[in-house]
Q: 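One structure is given below, represented as structure tokens, and several questions about it will come after.
Predicted, not measured: the structure shown is a model, and the values here were computed from it. A note on names: the letters A, B, ... follow the listed sequences, proteins ahead of strands, and every chain is numbered from 1.
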Amino acid sequence: MDLLENLNRQQSEAVSAGPGQTLVLAGPGSGKTRVLTRRIAYLIDQMGVRPYNILAVTFTNKAAREMGSRIEDLLGPNRLSGVWLGTFHSICARILRREAGSGLLPFDSNFVIFDADDQVSIVRQVIKDLNINDKIHRPTSLHAAISDAKNNMIGVKDYPARNYREEVVLRVYEQYEKALRANNAVDFDDLLLWTVRLLAETPQVRETYARKFEHVLVDEFQDTNMAQYEMLRHLASAHQNIFVVGDEDQSIYRWRGADYRNVLRFEKDYPGARKILLEQNYRSTQSVLDAARAVIDRNRHRTPKRLFTERGAGSKLIYYEAPDERAEAAYIIDAIRNQMSSGAAKGRDFAVMYRTNAQSRLIEEAFLHAGMPYRLVGAQRFYGRREVKDIIAFLRLVHNPADEVSLSRVINVPPRAIGAKTYETLISLARGADQKAADILADLGRSGSASLYWDKLGGRASAALANFGMMLAAWRALLVNGGSLPSLFDRILTDTRYREYIEDGSEEGRDRWENVDELRRLAFEYSEHGLDEFLENLALVSDQDTIRESDDAPTLLTLHAAKGLEFNQVFITGLDEGLLPHSRSLEDDEEMAEERRLFYVGITRAKNQVYLLRSEQRSLYGSFAYQDASRFLNDIPESLLQSQSPRASRAQRASAWDGADRWDSRSTWGQPEKEASRQSYRANVGSRAYSGPQPIQRSAPVIETQYKPMMRVSHNSWGEGIVLESKVEDGDEILKVHFESVGMKQLVASLAKLKIIS
DNA sequence: TCGTGACTGTTTTTT
DNA sequence: ACAGTCACGA
Ligand SMILES: Nc1ncnc2c1ncn2[C@@H]1O[C@H](COP(=O)(O)OP(=O)(O)OP(=O)(O)O)[C@@H](O)[C@H]1O
């Protein structure tokens with residue numbers, strides 16, 4: 001077929017652009033992805049570029065798969081083999097896997113990729129080892145700080161320690177890195193970071209890849225981070241053929257280090273780049289585009305883009321304000337069911353989008369209740385399950401015996417009398433002997449009571465450990481002797497009697513076994529690829545990538561996951577102040593701007609119809625809260641909206657208050673004191689979290705303490721107390737207070753909202 | 001060592 | 001609401 005067919009002038013200019021750098025900057029639905037896809041096909045078919053010499057980067061694995069199959073549709077089968085097509089992370093894993101044997105990297109090529117949970121548990125361990133207060137320095141926030149540094153290519157050596165907080169981060173960062181190396185593991189950020197280091201510091205490696213990749217292409221360029229940008233520069237350094245497409249207004253991953261200013265950087269670093277603007281939107285109706293435009297126009301510092309459509313005016317956006325979340329979900333079900341039963345639409349025409357994964361729950365329930373199928377994207381529904389993680393841990397351990405995170409996870413699963421104490425001893429014994437825990441296990445397994453370690457651990461513990469060591473050794477032997485992945489998988493299940501362990505006859509046990517079985521099916525699919533690839537995929541290919549295209553059912557997904565997709569009709573739910581924009585983003589202008597872009601991305605996924613939904617009342621942490629309509633709704637002109645809210649009637653408000661009454665009385669009857677105060681505390685947190693832009697007082701660094709010993713203070717939930725001690729740490733005032741109700745508490749002054757009584 | 005009940009927090013989004 | 005953590009007794 002003619003590869004320039006069905007493209008407008010600008011599009012075909014981009015597809016057939018000559019060598020050098022090309023930046024395609026264009027709004028939603030203007031065909032950026034289509035252009036990139038065609039470009040690859042064009043390079044291969046028309047320019048005679050060999051697939052092997054092409055690198056194409058997409059944002060998700062799913063996008064990569066889709067792009068691959070589109071190109072094959074264009075070119076015919078097998079014309080694409082050898083092309084490097086994937087996410088930044090998978091491309092990096094591939095490079096590192098190849099290069100890890102060379103001694104240039106601090107891990108060998110059996111390295112494992114630690115997932116988010118593994119990473120945080122390493123941080124937890126480090127915090128414990130360093131005796132750091134995990135109430136003040138939350139493991140997740142320390143991890144976020146480390147990840148942030150890595151995304152900006154700040155290594156341990158470069159990390160500034162300009163204040164107390166940074167000093168803590170630095171200490172944790174240092175140990176965290178050590179732990180990863182000891183585990184022969186990398187985290188997601190390492191994949192990028194080490195690749196960049198390798199390319200930057202080793203000319204011959206850089207040359208190899210830069211020569212190989214005659215053409216580098218990147219989708220969703222606005223969401224690249226610093227490390228990714230550097231990596232691209234290195235990879236394109238020989239041929240300088242780099243083709244990127246993006247839209248600053250759709251940048252929604254700032255929190256992960258992405259920086260849309262990479263677009264500016266690109267223009268600066270490649271002054272000769274040709275810039276192509278696409279202005280026709282092929283996806284949406286005028287109403288959808290007008291609404292989207294109205295929303296995004298309120299962001300400052302942006303270059304407005306021209307965008308027109310020939311798809312006609314279309315229908316207005318429908319707005320529905322539900323009295324509560326159930327009604328919100330019910331509305332969705334009704335709207336979908338009506339159109340499906342009249343034959344006006346099919347299941348796959350619809351998408352339901354939300355800000356947070358937690359919101360999917362009620363919507364799912366509504367679908368289930370109505371007996372309607374749906375497709376849920378992401379949300380850790382499968383890979384997050386304990387049983388799934390257990391099995392993966394066993395497999396990882398076989399693959400990489402140095403993986404102590406996995407070891408600690410499963411050494412006593414199912415329970416085999418190896419408790420925390422024994423494990424600790426094992427680890428410290430290993431540290432002392434400069435050995436890996438796995439080696440000691442192996443030794444115990446091999447030599448039994450003749451082992452050096454037997455006596456040190458005691459007979460009972462040693463016997464249990466030796467047993468485990470033997471099991472592990474047998475699995476490794478199976479693998480080394482060329483045993484297949486399925487046989488290893490099954491061997492692990494039988495040896496551990498995992499099924500007996502989880503199938504306890506309950507509904508839940510059955511569920512769990514089904515998950516294990518599902519993982520087993522996956523493993524069988526990978527039988528010819530082997531364990532390495534299976535594990536790599538488990539780490540990199542997540543729930544996010546598993547939408548079954550074949551199913552004809554509405555899709556439920558977060559706004560983030562919706563990026564790059566399109567649907568006939570889109571429901572955007574939870575348009576409440578505090579949810580979208582999220583309460584976490586209220587105080588920072590940049591974050592607020594990103595919330596707005598997120599909404600913009602949501603709207604622009606729709607071809608024909610957008611539904612904007614919200615709920616006056618929403619449950620939160622067991623309690624509930626009212627919130628205002630999202631500020632973003634005000635930005636859409638009335639003339640584009642058709643409200644379907646039943647005039648918020650007195651009856652509804654009354655019933656809402658009913659709820660409050662019930663809740664109140666129940667909590668005060670039940671367990672008078674404690675329960676009541678706890679509940680009111682909850683209610684308080686709730687209303688604060690969702691009561692719109694009241695700035696939570698965020699203090700400038702404290703120099704002098706505001707509270708002094710012996711002061712009487714009052715706390716929202718704990719009542720009155722006496723300050724015992726006050727000190728300044730990390731720019732915050734840390735108090736020790738003795739409360740009448742709960743006794744001694746340590747708290748952070750700026751967060752606790754204490755009232756001074758005397 | 002393991003199972004239990006009480007206690008506590010819950011940072012959105014994801015490779 | 002709910003799950004993960006903790007302290008305690010068996
Ligand atoms: N020249 C064209 N003729 C007809 N349809 C087109 C043309 N270009 C793009 N489209 C269609 O428009 C829709 C949007 O295209 P595409 O997904 O490539 O846009 P995009 O710019 O990547 O969007 P977004 O930035 O919103 O992800 C697709 O359905 C695509 O098939």
Side-chain angles (χ1 to χ4, degrees), chain A residues 57-64 86-93 113-117 119-121 124 134-135 138-145 147 150-151 186-192 220 223-225 227-228 251-258 353-362 377-380 383-384 386 412 414-423 460-461 464 536-537 539-545 557-563 574 578-586 591 594-595 597-598 601-602 619-624 674 678-679 681-682 685-686 689 717 742 745:
Chain A
V57 189
T58 58
F59 198 74
T60 63
N61 294 288
K62 178 168 162 284
T87 61
F88 275 103
H89 291 86
S90 65
I91 302 280
C92 289
I113 301 164
F114 274 178
D115 66 27
D117 282 349
Q119 294 166 32
V120 173
S121 58
R124 279 218 178 82
D134 65 351
K135 292 290 180 306
R138 295 263 158 70
T140 46
S141 97
L142 286 171
H143 176 255
S147 176
K150 287 185 163 190
N151 279 321
V186 298
D187 64 17
F188 291 127
D189 308 319
D190 277 336
L191 291 170
L192 306 174
E220 308 280 10
D223 273 323
T224 51
N225 66 28
Q228 291 164 340
S251 169
I252 52 176
Y253 284 89
R254 199 181 91 96
W255 50 274
R256 217 172 75 185
M353 303 177 187
Y354 34 80
R355 177 68 236 266
T356 68
N357 281 306
Q359 291 169 260
S360 74
R361 201 178 195 126
L362 272 171
V377 181
Q380 291 262 307
Y383 294 110
R386 190 182 343 144
N412 198 32
R416 53 175 70 89
I418 305 175
K421 193 95 174 291
T422 305
Y423 183 69
R460 194 192 310 184
E536 182 155 320
N537 268 273
L540 258 27
V541 179
S542 61
D543 300 85
Q544 224 45 235
D545 300 302
L557 74 182
T558 62
L559 288 160
H560 282 91
K563 185 165 84 154
L579 207 47
L580 183 65
H582 195 271
S583 51
R584 291 276 145 191
S585 303
L586 259 31
E591 281 178 41
E594 182 150 306
E595 296 287 316
R597 293 195 292 269
L598 198 49
V601 166
S619 60
L620 177 82
Y621 306 146
S623 165
F624 69 85
K674 248 187 182 166
R678 184 166 176 79
Q679 289 284 8
Y681 170 61
R682 290 300 184 219
V685 169
S717 52
V742 291
K745 287 282 159 188

Q: Among the candidates B:dG9, B:dT14, B:dT12, find the nucleotide nearest to the side-chain atoms of A:T558.
A: B:dT14
Q: Nearest of B:dT13, B:dT15, C:dC2 to any side-chain atom of A:H89?
A: B:dT15
Q: Just the table, please: protein N/O against nucleotides 1-3 of chain B N/O, every pair under 3.5 Å.
A:
from  : atom 1 : to     : atom 2 : distance (Å)
B:dT1 : OP2    : A:T422 : OG1    : 3.1
B:dC2 : OP1    : A:A417 : N      : 3.0
B:dC2 : OP2    : A:N412 : ND2    : 2.9

Q: Holding to salt bridge (Lys or Arg N to Asp or Glu O under 4.0 Å), I want the full list of residues that pass it with A:D190, two or more places apart in sequence or in another chain.
A: A:K150, A:R181
Q: Among all residues two or more places apart in sequence or in another chain, which pass the side chain to side chain donor-acceptor pair (under 3.5 Å) test with A:T422?
A: none
Q: Distance check: side-chain N/O of A:N357 vs OP1/OP2 of B:dT14, anything under 4.0 Å?
A: yes
Q: Under the side chain to side chain donor-acceptor pair (under 3.5 Å) rule, collect the residues that match up with A:T58, sequence neighbours excluded.
A: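 So A:T58 forms no side chain to side chain donor-acceptor pair (under 3.5 Å) with any residue.
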Q: OP1, OP2 of B:dG9 versus side-chain N and O of A:R138: anything below 4.0 Å?
A: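 So the side chain of A:R138 is outside the cut-off, no N or O lying under 4.0 Å from OP1 or OP2 of B:dG9.
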Q: A:D189: which residues meet the side chain to side chain donor-acceptor pair (under 3.5 Å) condition with it, sequence neighbours left out?
A: A:S147
Q: Of all the nucleotides listed (B:dT11, B:dT15, B:dT13), which has the minimum atom distance to the side chain of A:H560?
A: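 When the side chain of A:H560 is considered, B:dT13 is the closest of B:dT11, B:dT15, B:dT13.
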Q: With respect to the side chain of A:R361, which nucleotide from B:dT15, C:dC2, B:dT11 is positioned closest?
A: C:dC2
Q: I'd like to check the ring-ring contact (aromatic ring centres under 6.0 Å, His included) partners of A:F59; sequence neighbours left out, ordered by chain and number.
A: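 A:F59 satisfies ring-ring contact (aromatic ring centres under 6.0 Å, His included) with A:Y253 only.
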Q: Can you say whether a donor on the side chain of A:R584 sits under 3.5 Å from an acceptor on the base of B:dT12, or the other way round?
A: no
